[in-house]
Peer 1: 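Encoded as structure tokens, here's the structure I'll be asking about.
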Amino acid sequence: MAAAALSPALSAAGEDKLISVQVKRKPADPWQEFPTRTVAGLAGFRPARAAKLSRYGGRMDRRLA
């Protein structure tokens, strides 16, 4: 199956990278290959600035009462 046939969101230059993962719909079903992408492989993806974390891993920029 051609990558362009899988999704119209793929760039013409092929910048978005498809990877294959094995999936099951139900535990009794056989494993099947499925094409997908990761966020890191998307063309133009820029991660947001990481939040500062406490020594316990909690976000320092959000406080709750």
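What's counted below: heavy atoms across the whole structure, side chains too, no hydrogens, waters or symmetry copies.
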Peer 1: Only pairs under 3.5 Å count here: list side-chain donor-acceptor contacts from residues 49-56, not counting sequence neighbours, and write none if there are none.
Peer 2:
residue : atom : partner : partner atom : Å
S54     : OG   : Y56     : N            : 3.2
S54     : OG   : G57     : N            : 3.4
S54     : OG   : G58     : N            : 3.2

Peer 1: Who passes side-chain hydrogen bond (donor to acceptor under 3.5 Å, both in side chains) against D29, sequence neighbours left out?
Peer 2: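 Checked D29 against side-chain hydrogen bond (donor to acceptor under 3.5 Å, both in side chains); zero matches.
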Peer 1: Does any non-hydrogen side-chain atom of K24 lie less than 4.5 Å from one of Q32?
Peer 2: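 Not touching, per the 4.5 Å side-chain cut-off.
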